[in-house]
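Note sheet for the following structure.
Residue numbers start from 1 in every chain, and the chains themselves are labelled A, B, ... in the order their sequence lines are given, proteins ahead of strands. Reckoned from all heavy atoms, side chains included, excluding hydrogens, waters and symmetry mates.
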Amino acid sequence: MGEILPYLYLLKIGGRYGFSMTEQSAVNAHQPRPNIFDRYVCSPTIFRSNREILRPSYIPSSLPHREREIDQLAAIISIGLNGDRPSNVLVFGKTGTGKTATVRFISNEASRMTRERKIEFLYVNCCEADTNYGVVQYMVNSFITNPEERAPYNGWSMERIYTLFKEKTEQLGRLVVVVLDELDRLVYKAGDDLLYNLSRINDDLKNSKLSIIGIANDLKFTDFLDARVRSRLGEERIVFSPYNAGELSDILRDRAGLVFQEGVLDEDVIPLCSALAAQEHGDARRALELLRVAGESAERERRTKITAADVYRAKEKIELDTVSETLRTLPYQSKILLMSIIIHSEKRSMMTTGDVYEVYRNLCNSVGVQPLTQRRIGDLLSELDMLGILRARVRSFGRGGRTKEVELAVPINETRDILAGDELLKSYRTSHARVQTTLI
DNA sequence: CATCCACAGGAAGATCTGGTAG
DNA sequence: CTACCAGATCTTCCTGTGGATG
């Protein structure tokens, strides 16, 4: 019998609580006695239509400053409308440069081009389906309408699910364009086996053809591909450059016109959102988010104007929300580790892997959890560094050895509070005093 | 200039999870 | 029930190393 690890159960607690109020729930609000939601369901003073238009999932009817890229991609895909197989394409660009929007735009256009659909687009986000099996399973299931026939999340062999995918593609009898968004993530995590198979699938297909559009942030990910895969996949390349502040302003103005009531935006709001987002590698997604959150905060306070101050506040809110969401969804062991770092930070802000590990072991003991090995903790520290929660850099102290120097990169008190909101708190509160004494 | 500390971090493989299939 | 699957997580074992120090 395997040992039961207690953290598996404790981990379940403290999940996500964020309920978002939908437009529909507002409809049921008129009742004889005052409803608690009344004061939130105010008259439309700020937003005039669906604020979803400001979310990244929304595909607008035109994409300003992406005409060249749209042309390039359309030229490639149009080959498919004549019954031939378009080249595989790799699309590169930083987050929020309009890669996904452009590809989706093209796929929408291609789909309504002819009455009988000649091209079937399969969109897969490789962040959500982030394993080879996961991607194929997702693609197979998007062919299947009957829920009882859907492929399971696990249990099947890779070969079985891949064969089914080939069969389904073949049955379709037309061009299938597979869009693999965030492809670099998949390759880093799961290698290029799937790409190898997909890129030569046409050898086995008679009635159908398959093309691949790979979307990636990182230009260098192709270095990790097998040479054959690299040449087959990168038949065409399109690079999206970041938007500059002026271009971001155009995008924001377009969308703001659709979403906001006339005259609610102070004139410096859009330039400010654009400037802030331009600092972050021209991320349109960020610019739109700033605008939306600023609008929501003005609405909540029942004001009729959105000001620059709202934008600055939105910026802070977004940053804080991102961090606290990351903290809340951390695995249990990482939370214990982070708590150890906080405990140590109260004495000294800089620490080495060895320091952290000692505190961590003590904390595990007092909480009653089996501690992980130092090797593993080293990896977890690197993960927390990647998430931006820590700063961990490798440093040599000569004869003092070579180690990671670790420092907390988020505010200590807020972080402790968020971690303490978890079940961990109960153990931590009771054990805190003991841990403190064992440290000295 | 060799030594040596305190790890870093790669490789391989064990263990566990949540499933299918016979 | 057993055999098997993919993937996540973690351990064991290992070689490598920057630079202060004797």
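Side chain of A:D184 to backbone of A:F221: no donor-acceptor contact under 3.5 angstrom is found. With hydrogens and angles ignored, the 3.5 Å screen pairs no side-chain donor or acceptor of A:Y138 with any backbone N or O of A:E128. The closest donor-acceptor contact from the side chain of A:D226 to the backbone of A:R228 lies under 3.5 Å. Formation of a donor-acceptor pair under 3.5 Å by the A:N88 side chain with backbone atoms of A:I212 is found in this model.
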Does the side chain to side chain donor-acceptor pair (under 3.5 Å) test come out yes or no for A:Y58 and A:N50, once each step is laid out?
CA-CA 11 Å; A:Y58 175 79; A:N50 198 344; over 6 Å; no
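Between A:R402 atom CZ and C:dG16 atom P there is a gap of 13 Å when expressed in whole angstrom units. The CG atom of A:L372 sits 14 Å away from the C1' atom of B:dC16 (whole-angstrom rounding). Taking atom CD of A:Q333 as the reference point, atom C1' of B:dC16 lies 15 Å away to the nearest angstrom. Remark: P of B:dG9 and OH of A:Y357 are 17 Å apart, rounded to the nearest angstrom. If you measure from atom CD1 of A:I377 to atom P of C:dT12, you get 14 Å, rounded to the nearest angstrom. The CZ atom of A:R376 sits 15 Å away from the C1' atom of B:dG10 (whole-angstrom rounding).
In this pair, A:F224 and A:Y188 present their aromatic rings perpendicular. The plane angle is above 60°, beyond the 30 to 60° band.
The distance from atom CZ of A:R391 to atom NZ of A:K404, rounded to the nearest 0.5 Å, is 16.0 Å. We find the OG1-NZ distance between A:T131 and A:K189 to be 6.5 Å, quoted to the nearest 0.5 Å.
Legend: side-chain hydrogen bond (donor to acceptor under 3.5 Å, both in side chains) pairs involving residues 164-174 of chain A, not counting sequence neighbours, sorted by first then second residue: A:E120-A:R174, A:K166-A:D204.
Side chain to side chain, A:H281 and A:T97 fail the donor-acceptor criterion of an N or O pair below 3.5 Å. Side-chain atoms of A:Y360 and A:Q333 include a donor-acceptor pair closer than 3.5 Å.
Within the structure, a side-chain polar atom (N or O) of A:K404 is placed less than 4.0 Å from OP1 or OP2 of B:dG9. One finds a side-chain N or O of A:T373 lying less than 4.0 angstrom from the OP1 or OP2 phosphate oxygen of C:dT11.
A salt bridge does not link A:K315 with A:E280: none of the charged nitrogens is closer than 4.0 Å to a carboxylate oxygen. By the 4.0 Å N-to-carboxylate-O rule, A:E296 lies close enough to A:R292 to be salt-bridged with it. Using a 4.0 Å cut-off between a side-chain N of Lys or Arg and a carboxylate O of Asp or Glu, A:E235 and A:R232 do not qualify as a salt bridge. Salt bridge absent: A:E316 and A:R313 never bring a charged side-chain N and a carboxylate O closer than 4.0 Å.
Contacts between residues 378-388 of chain A and DNA chain C, counted as heavy-atom distances below 4.0 Å, involve no residue at all. Within residues 149-163 of chain A, the residues that have a heavy atom under 4.0 Å from DNA chain B are, in order of number, A:P152, A:N154, A:G155, A:W156, A:R160. Proximity of residues 122-147 of chain A to DNA chain C (heavy atom under 4.0 angstrom from any strand atom) is restricted to A:T131, A:N132, A:Y133. Only A:V394, A:G398, A:R399, A:G400, listed by number, bring a heavy atom of residues 389-400 of chain A to less than 4.0 angstrom from any atom of DNA chain B.
In A:E319, the CD atom is crowded: over 12 heavy atoms of neighbouring residues, nucleotides or ligands sit closer than 6.0 Å.
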Protein-nucleic acid N or O pairs under 3.5 Å, nucleotides 13-15 of chain C:
none

